Amino acid sequence: MRAIYTIIFIGVLTVFSGCSSKDTAKQEDFGEHNDKIKELLSKMSIEEKVGQMTQITLDVVSETNAAQHTFQMDMLRKVIVDYKVGSILNVSGNPYTKEHWYEVIKTIQDLAGETPNKIPVIYGIDAIHGVNYTLGTTLFPQQIAQAATWSPELVERGGAITAYETRASGIPWNFSPVLDMGRNPVWPRFWETFGEDVYLATKMAQAITFGYQGNDVSASDKVAACAKHYMGYSFPLRGKDRTQAWIPENYLREYFLPTFKAAVDKGILTFMINSGEINGIPVHASKHILTDILRTELGFKGLAVSDWKDIRYLYIRHRVAASEKEAVKMAVMAGIDMSMVPNDLSFADYLLELVKEGEVPMWRIDQAVSRILYVKLKLGLFEKPVTNPADYPDFGSEKFRKESFATALEAITLLKNNDRVLPLDSNKRVLVTGPTAHSMRALNGGWSYTWQGEKTEQFTEAKNTILEAIKLVNGEKNVTYVEGTDFEKEINIEKAVSAARNADVVILCLGENSYTEKPGDINDLNISDPQIKLALELAKAGKPIVLVLVEGRPRIIQKIEPVTSAVVMAYLPGNEGGDAIADILFGKANPSGKLPFTYPRFANDLVTYDHKFTDAVSPWEDEVHDEKMTGFSPQFEFGFGLSYTTFEYSDFKVSAAELTNGDSIQVSVTVANTGKMAGKEVVQLYVTDMVASITPSVKRLRGFSKITLQAGETKSVNFTLKATDLAFVNAENKWVTEPGEFKITVKQYAQNIFVK
């Protein structure tokens, strides 16, 4: 076929170690900061440059047995003044007040002012869904829930609030957003992603990056964002965290690269690198991924930081380096600019030796340090190394809380509603039961106050669990609570069943406790046996069951879904999630969330919506068989979500039957709210390539628009499609749009066009 559109050239994913002796540094253009960077480089010693490339954790310089956080000043001075370390991060302990954070950052920056060139330290933190290491901040729904809003505007505003409160804590660098694709629900960081679809995730990536950085990242309410984990980290073959992935390069580029490219296009300043390996090659040692693609193709100018211990892991885990020193050389020459060591100063020692021995050339050191200095200069840290918490009057404000609540509300997804059991009438007698019913920890998930979120209950007394919120909405006298089960053990199931007999409705809250990374690895995607038993036993009471799922990944519910009257997907909705869920259940708000992933029916049938035609064929060609015998039979489909009102689509139009490269076509449809309640609808446009040189997907999302309609209101929604919007990565690893027939689908309407 004749390709009418080609985007980028691709090499073969084989090169993974250092550069040859003939390699030299490409002169990078840092714009207005070029002169300052050159001036600093000319003054800096080798030791100072190596120090800038080193990042350690706060624990290294803190008193370990102190009742409250205090510095070990001798060690801090050694790190900052002697080793001239360029970055510190925080990952453990308890959250601090913003005032204490000011003391922490100011102490560090004051010492940095004693170094020869007075280069400020850049402090980084994982503010994944709000500033989880600062007391009193606004915690938003997790990213997977944000994706379920299908509202980039909400995501952008949430990012801006997080940036504001991060800088109120004195911290200029946020290790967020996660731009990995959520295409394997077994993976324990699935909930940190924007879901399985490339188009949706790319729009969200652009929105949150702009929310964090804005037009001027040096502004006192903006932070340097960090795109992570570049790339392919989220697709391990076994589903276990930091285990091997096998991803053909055309698939890697089509499904895992676009979100990172979108962030680069939005001017993102930093990248964090994939901890795993692809096709047997650790990404921390892949010059092809870290330099050829990231720098040469995408044009990324900022700094690339390793993840936790990942340079050391080249030696002790991946075993592609014979020593830790060799691992340092391998990673630096591949393209790592800064090492999250993080517990000692070994990286600096090894790298200094390698430079003096001529094993790592000076051009590579200068290149890495230039990128680090560029980020610090862009942030304005030389002029203002620490911000004052008194300058942030909106910190933890009611205004910010309402934004978090609105995001949770628009994320919640109604997946089933037999006989319109929802919304519930006020004053109904309800039984609330299940392990997520009275847990702020479950609502927030990991990266909440601490890494695993295990201390969340200590800091959320002023927030409402699902149970507490239901009592406020429905009246305490109308609510009975029986725990029923924990996540992994039965507690009082018989008592719950007895209480159900005296209730009008059972609100069954199931799901997962908080986790992230390796502690979240599982061997079975099915929801736990005690939770299944609780649901099945409750069904014997004969009352309607409303299943509320509070979970970071789709746990299999096919054994219990048939006994429920309604299913509400809450994801991990954050601190305001309990109130949002109660408002949805009792009709104070209309659900508008749509699934950002395919909810599987079976644990061994993890097929995404954009699967290939070959994944959806019957067992025997040209014969009709039960749908469940085909390769695609999810519990709920990507993009699905019900409302309390009804929407009617009409007047579908495509402006032309043919599309030529360089031109565009218009697609329009009219949507009417035919119900009695105001609601929001996500209009979704899909395209199917009917014939291609690689087996095409059955459909791909190529446009969406979330609209608000009052009862009886009608709106027209318009989309523009270009030939490049129909592209895929072919067998030669090039983006192409091939001529031929394409089907455009919006809701029940479809029309074929031809691309010339």
Side-chain angles (χ1 to χ4, degrees), residues 55-60 87-96 98 101 104-105 122-135 137-146 158-159 161-180 188-194 205 208-209 211-213 223-230 233-234 241-242 263 268-275 303-310 338-343 441 444-456 459 514-520 552 572 574-575:
Q55 182 184 66
I56 63 164
T57 175
L58 185 65
D59 295 347
V60 172
S87 181
I88 297 179
L89 79 154
N90 183 74
V91 294
S92 62
N94 292 315
Y96 306 146
K98 63 183 185 299
W101 270 119
V104 168
I105 306 300
I122 182 170
Y123 202 104
I125 197 168
D126 293 273
I128 301 301
H129 65 126
V131 193
N132 49 282
Y133 286 116
T134 303
L135 295 171
T137 56
T138 308
L139 290 191
F140 283 82
Q142 298 282 4
Q143 271 192 206
I144 195 67
Q146 293 180 38
I161 290 169
T162 297
Y164 179 98
E165 295 189 341
T166 304
R167 290 308 294 269
S169 307
I171 299 169
W173 189 11
N174 184 10
F175 300 136
S176 177
V178 171
L179 300 185
D180 303 299
R189 306 189 74 169
F190 182 87
W191 52 269
E192 294 185 56
T193 76
F194 284 125
I208 199 167
T209 298
Y212 287 152
Q213 295 193 170
V223 294
C226 184
K228 65 184 196 185
H229 307 81
Y230 175 77
Y233 174 44
S234 60
D241 189 46
R242 290 172 164 87
I268 200 163
L269 283 178
T270 72
F271 265 53
M272 186 180 292
I273 308 308
N274 174 4
S275 295
L303 76 88
V305 62
S306 81
D307 205 341
W308 187 264
K309 292 185 181 179
D310 279 336
M338 180 182 286
S339 172
M340 189 184 293
V341 187
N343 293 316
R441 176 180 176 180
N444 277 286
W447 295 117
S448 300
Y449 302 101
T450 58
W451 176 40
Q452 293 296 315
E454 79 283 0
K455 297 181 181 179
T456 298
F459 308 107
S514 70
Y515 60 85
T516 191
E517 301 186 52
K518 288 301 290 184
L572 301 175
N575 271 343

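All values reported here derive from a predicted model rather than from experimental measurement.
When atom types are taken as modelled, the side chain of His129 and the backbone of Trp447 share a donor-acceptor pair closer than 3.5 angstrom. Between the side chain of Ser448 and the main chain of Gly446, a donor-acceptor pair closer than 3.5 Å is present. Asn90 places no side-chain N or O within 3.5 Å of a backbone atom of Leu58 that could act as its donor or acceptor partner. Of the possible polar contacts, none joining the Thr137 side chain to the Gly130 backbone as a donor-acceptor pair under 3.5 Å is found. With hydrogens and angles disregarded, a donor-acceptor distance shorter than 3.5 Å links the side chain of Gln213 to the backbone of Ala225.
Judged purely by distance below 3.5 Å, without hydrogens or angles, the side chains of Asn444 and Asn575 pair a donor atom with an acceptor atom. A donor-acceptor contact under 3.5 angstrom links the side chains of Ser275 and Asp307, judged on distance only. Looking only at atom types and distance, the side chain of Asn274 has no donor-acceptor partner in the side chain of His229 under 3.5 Å away. For Thr516 and Glu192, the side-chain atoms include at least one donor-acceptor pair closer than 3.5 Å.
Smallest separation of non-hydrogen atoms from Ser514 and Gly445: CB-C, 3.4 Å. The two atoms that bring Ala163 and Gly211 nearest to each other are CB-O, 4.1 Å, heavy atoms only. The nearest pair of heavy atoms linking Ala127 to Asn174 is N-OD1, 2.9 Å. For the pair Lys309 and Pro342, the tightest heavy-atom approach, listed with the atom from each and the gap, is CG-CD, 3.4 Å.
Take Ala263 and apply the side chain to side chain contact (heavy atoms under 4.5 Å, CB included) test, not counting sequence neighbours, and it matches Leu179, Thr209, Ala227, Ile268. Take Trp173 and apply the ring pair (Phe, Tyr, Trp, His ring centres under 6.0 Å) test, not counting sequence neighbours, and it matches Phe175. Here Leu135 pairs with Pro95, Thr97, Phe459 under the side chain to side chain contact (heavy atoms under 4.5 Å, CB included) rule; sequence neighbours left out. For Asp241, the side chain to side chain contact (heavy atoms under 4.5 Å, CB included) test picks out Trp187, Pro188, Arg189, Tyr233, Glu517, Lys518, Asp521, with sequence neighbours left out. For Tyr212, the ring pair (Phe, Tyr, Trp, His ring centres under 6.0 Å) criterion is met by no residue, not counting sequence neighbours. Considering only residues two or more places apart in sequence or on other chains, Tyr164 meets the ring pair (Phe, Tyr, Trp, His ring centres under 6.0 Å) condition with Tyr392, Phe400. Residues satisfying the side-chain hydrogen bond (donor to acceptor under 3.5 Å, both in side chains) criterion with Ser234, sequence neighbours excluded, are absent altogether. Scanning for salt bridge (charged side-chain N to carboxylate O under 4.0 Å, His left out) contacts around Asp310 gives Arg317, with sequence neighbours left out. Legend: residues meeting side-chain hydrogen bond (donor to acceptor under 3.5 Å, both in side chains) with Glu165, ordered by chain and number and at least two apart, are Thr138. With sequence neighbours left out, the salt bridge (charged side-chain N to carboxylate O under 4.0 Å, His left out) criterion links Lys98 to no other residue. For Tyr230, the ring pair (Phe, Tyr, Trp, His ring centres under 6.0 Å) partners at least two apart in sequence or on another chain are Phe260, Phe271. Ser169 is linked by a side-chain hydrogen bond (donor to acceptor under 3.5 Å, both in side chains) to Thr134, counting only residues two or more places apart in sequence or in another chain.
Side chains of Thr450 and Asn132 form no contact here, defined as non-hydrogen atoms less than 4.5 Å apart. Using a 4.5 Å cut-off on side-chain heavy atoms (C-beta onward), Tyr449 and Val131 make no contact. Residues Thr270 and Val305 have side chains not in contact (no heavy-atom distance under 4.5 Å, counting atoms from C-beta outward). Inter-residue side-chain proximity for Ile122 and Pro172 is flagged as met; some heavy-atom pair is nearer than 4.5 Å. Residues Asn94 and Lys455 form a side-chain contact, since some pair of their non-hydrogen atoms from C-beta on lies under 4.5 Å apart. Contact annotation: the side chain of Gln55 approaches that of Leu89 to within less than 4.5 Å [non-hydrogen atoms, C-beta and beyond]. In this structure, Ser176 and Gln143 have side chains that are in contact, with non-hydrogen atoms separated by less than 4.5 Å. With a 4.5 Å cut-off on side-chain heavy atoms, Thr193 and Ile144 count as touching.
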**Request:** Report the C-alpha distance between Ile171 and Ile105 in whole Å, list the side-chain angles of each, state the deciding distance to 0.1 Å, and finish with yes or no for side-chain contact (heavy atoms from CB on, under 4.5 Å).
**Result:** CA-CA 7 Å; Ile171 299 169; Ile105 306 300; 4.3 Å; yes

**Request:** Take Phe194 and Asp180 through the test side-chain contact (heavy atoms from CB on, under 4.5 Å) and record every step on the way to the result.
**Result:** CA-CA 8 Å; Phe194 284 125; Asp180 303 299; over 6 Å; no

**Message:** Walk me through whether Asn343 and Thr57 qualify under side-chain contact (heavy atoms from CB on, under 4.5 Å).
**Reply:** CA-CA 6 Å; Asn343 293 316; Thr57 175; 3.3 Å; yes

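In this structure, the ring of Trp451 has its center no less than 6.0 angstrom from the ring center of Tyr133.
Note that CG of Leu572 and CD1 of Ile128 are 13.0 Å apart. Values are rounded to the nearest 0.5 Å. The line from CE of Met338 to OG of Ser306 is 9.5 Å long, rounded to the nearest 0.5 Å.
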